[in-house]
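What follows is a short report on a single structure.
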Amino acid sequence: MEILKKGSRGESVKTLQNALHLMPDGIFGSLTEEAVKQHQRSYGLKVDGIVGPNTWAVLRTGEVTQLLKSKRKIKEIIVHCSATPEGKDFTVADIRAWHLQRGFSDIGYHYVIYRDGSVHKGRDINISGAHCTGHNSISIGICYIGGQTADGTPKDTRTDAQKKALLKLLKELKKLYPNATIHGHKEFAAKACPCFEVKDEYFKL
Ligand SMILES: [Zn+2]
């Protein structure tokens with residue numbers, strides 16, 4: 001993709017504006033620039049308002065490459081599953097749509113781990129999630145895609161790539177929030193989620 005900045009015009013600016021959920025008029029003005037900066041900030045990229053390869057990459061994939069520290073005081077890191085059938089892929093956009101339907105303002109989780117082990121950005125880390133009643137304001141919510149068999153029975157369906165990615169993400173989060181404790185959703189609610197014993201697996205972190 002070509003490099004875009006304030007003053008750029010044309011079809012690729014429309015593509016960019018669509019990705020940013022702006023009205024696609026094909027003119028890169030102040031509004032587009034501000035949206036680009038916000039996006040760069042929320043992904044931990046250099047905030048220059050210029051759309052180069054790195055910014056295009058996160059716009060395309062939504063993949064988290066660098067963790068940002070939340071301005072909220074984080075005491076808990078809570079792991080969830082998406083409660084979707086084993087072997088099926090779902091995206092941040094899917095979950096966001098489900099959560100908007102339930103009346104949430106955005107996707108409820110901060111990070112989503114796909115079946116291929118890629119980690120994707122959900123809700124802005126500075127904003128309280130909507131994933132665990134009574135714990136949202138002090139926690140970060142992580143969700144892996146899966147957690148059920150084809151007939152809807154709770155099951156730990158994590159792929160090896162998801163297990164690796166979750167471990168890496170939790171380790172990195174512990175560096176940012178050394179005093180935060182790691183939990184599974186079911187420790188706080190009468191649910192199977194995330195369908196494995198988080199404490200048993202991550203007690204050393
Ligand atoms: Zn959950």
Side-chain angles (χ1 to χ4, degrees), residues 42 62-64 67-70 72-174 176-177 179-205:
S42 70
E63 246 179 275
V64 174
L67 295 186
L68 288 185
K69 188 168 179 188
S70 178
R72 294 180 296 126
K73 193 163 168 46
I74 301 301
K75 294 185 182 162
E76 291 165 348
I77 300 162
I78 303 174
V79 180
H80 300 262
C81 64
S82 60
T84 51
E86 182 167 22
K88 293 239 159 102
D89 290 311
F90 293 93
T91 64
V92 167
D94 294 324
I95 302 173
R96 179 174 286 123
W98 302 334
H99 287 182
L100 288 176
Q101 241 171 28
R102 285 167 61 182
F104 299 1
S105 60
D106 191 2
I107 181 170
Y109 313 112
H110 298 100
Y111 299 105
V112 180
I113 304 177
Y114 288 9
R115 293 179 57 255
D116 66 1
S118 56
V119 179
H120 297 251
K121 183 178 166 290
R123 188 177 291 212
D124 190 303
I125 202 74
N126 290 314
I127 299 173
S128 292
H131 56 89
C132 187
T133 308
H135 296 258
N136 288 316
S137 66
I138 53 152
S139 68
I140 285 175
I142 303 171
C143 172
Y144 77 88
I145 297 296
Q148 284 187 355
T149 61
D151 66 6
T153 310
K155 182 188 173 189
D156 179 5
T157 66
R158 288 173 300 159
T159 62
D160 287 342
Q162 279 175 313
K163 284 184 185 173
K164 255 188 220 159
L166 179 58
L167 181 62
K168 181 164 174 272
L169 179 59
L170 289 172
K171 275 185 182 167
E172 288 174 6
L173 288 171
K174 277 293 275 186
L176 288 181
Y177 316 102
N179 298 318
T181 49
I182 299 171
H183 305 272
H185 188 188
K186 67 179 178 179
E187 292 172 48
F188 304 121
K191 291 179 185 252
C193 177
C195 308
F196 69 96
E197 297 302 328
V198 170
K199 279 266 154 73
D200 291 355
E201 216 164 305
Y202 301 111
F203 68 96
K204 279 186 190 149
L205 295 180

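Start at 1 and go down the list; that is how both ligands and their atoms are numbered.
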Restricting to N/O/S atoms, is His80 within less than 2.8 Å of the Zn ion (ligand 1) or not?
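It does; at least one qualifying atom falls short of 2.8 Å.
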Would you say Cys193 reaches the Zn ion (ligand 1) with an N/O/S atom under 2.8 Å?
yes
What N/O/S atom of His185 is the closest to the Zn ion (ligand 1)?
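Output for this pair reads ND1.
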Lys199 and Glu187 ion-paired at < 4.0 Å
yes
Check the angle between the aromatic planes of Phe196 and Tyr144 and answer parallel, tilted or perpendicular using the 30° and 60° thresholds.
tilted
Heavy-atom closest contact (Asp124 atom, Ser42 atom, distance)
OD2-CB, 4.1 Å
With respect to Leu173, which candidate in Ile77, Ile74, Leu205 satisfies the side-chain contact (heavy atoms from CB on, under 4.5 Å) definition?
Ile77
